[in-house]
Amino acid sequence: MKWSSLIERQILKAQAEGQMENLKGAGQPLNARSGNDVDAAGFRIMAEAGVVPREIEMRKQVETLQAAYKAASDPEARKAAQKALAEAQLRLDIEIEARRKYYRTS
């Protein structure tokens, strides 16, 4: 199923259930704060709906692990923090690449 078909079906379903009535900002253009960046627009829409994308959660985890790595003074703790950081960064990179590949082929 094409991505656009899936979106259209979800919109029609929401309209039939009355979920599209009285929405905040209805009939107004989206705020183009980030230019033509589709990813940023998608993330912004999700944030306004109260949803945090998995990629954003993973980025926060990487930032937390970077701080822990920088703060570690014990060689063993530093090594463990470095390992955890590398694993988290790898998972984040895989998530980003998967998203990019998915949207390129759809």
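Scope of the values below: all heavy atoms of this structure, side chains included, with no hydrogens, waters or symmetry mates. Since the structure is predicted, the reported quantities are computational estimates derived from the model, not experimental observations.
A pairwise comparison of heavy atoms in R78 and Y69 identifies NH1-O, 2.9 Å as the closest pair. What you find for A84 and L65 is that their closest heavy atoms are O-CD1, 3.6 Å. Nearest heavy-atom pair across L85 and V62 is CD1-O, 3.7 Å. Nearest approach of A77 to A72, heavy atoms of both residues: C-CB, 4.1 Å.
Between atom CD1 of residue I7 and atom CG of residue L12 there is a gap of 12.0 Å, rounded to the nearest 0.5 Å. Interatomic distance, CD of E8 versus NZ of K13, reported as 14.5 Å (0.5 Å rounding). Considering CE of M58 and CD of E63, their distance stands at 13.0 Å, rounded to 0.5 Å. Here the CD atom belonging to Q61 is positioned 10.0 Å from the CD atom belonging to E87, to the nearest 0.5 angstrom. Separation of atoms CG (L92) and CZ (R54) is listed at 10.5 Å; rounding is to 0.5 Å. The structure places CG of D93 at 10.0 Å from CD of E55, a figure rounded to the nearest 0.5 Å.
Hydrophobic cluster membership is shared by I11 and L6, with clusters built from Ile, Leu, Val, Met, Phe, Trp and Tyr side chains linked at under 4.5 angstrom. In the hydrophobic cluster analysis, where Ile, Leu, Val, Met, Phe, Trp and Tyr join through side-chain heavy atoms closer than 4.5 angstrom, I56 is grouped apart from I94.
At most 12 heavy atoms of other shown residues, nucleotides or ligands fall within 6.0 angstrom of atom CG in N22.
The pair E95-R91 does not count as a salt bridge, with every side-chain nitrogen at least 4.0 angstrom from each carboxylate oxygen.
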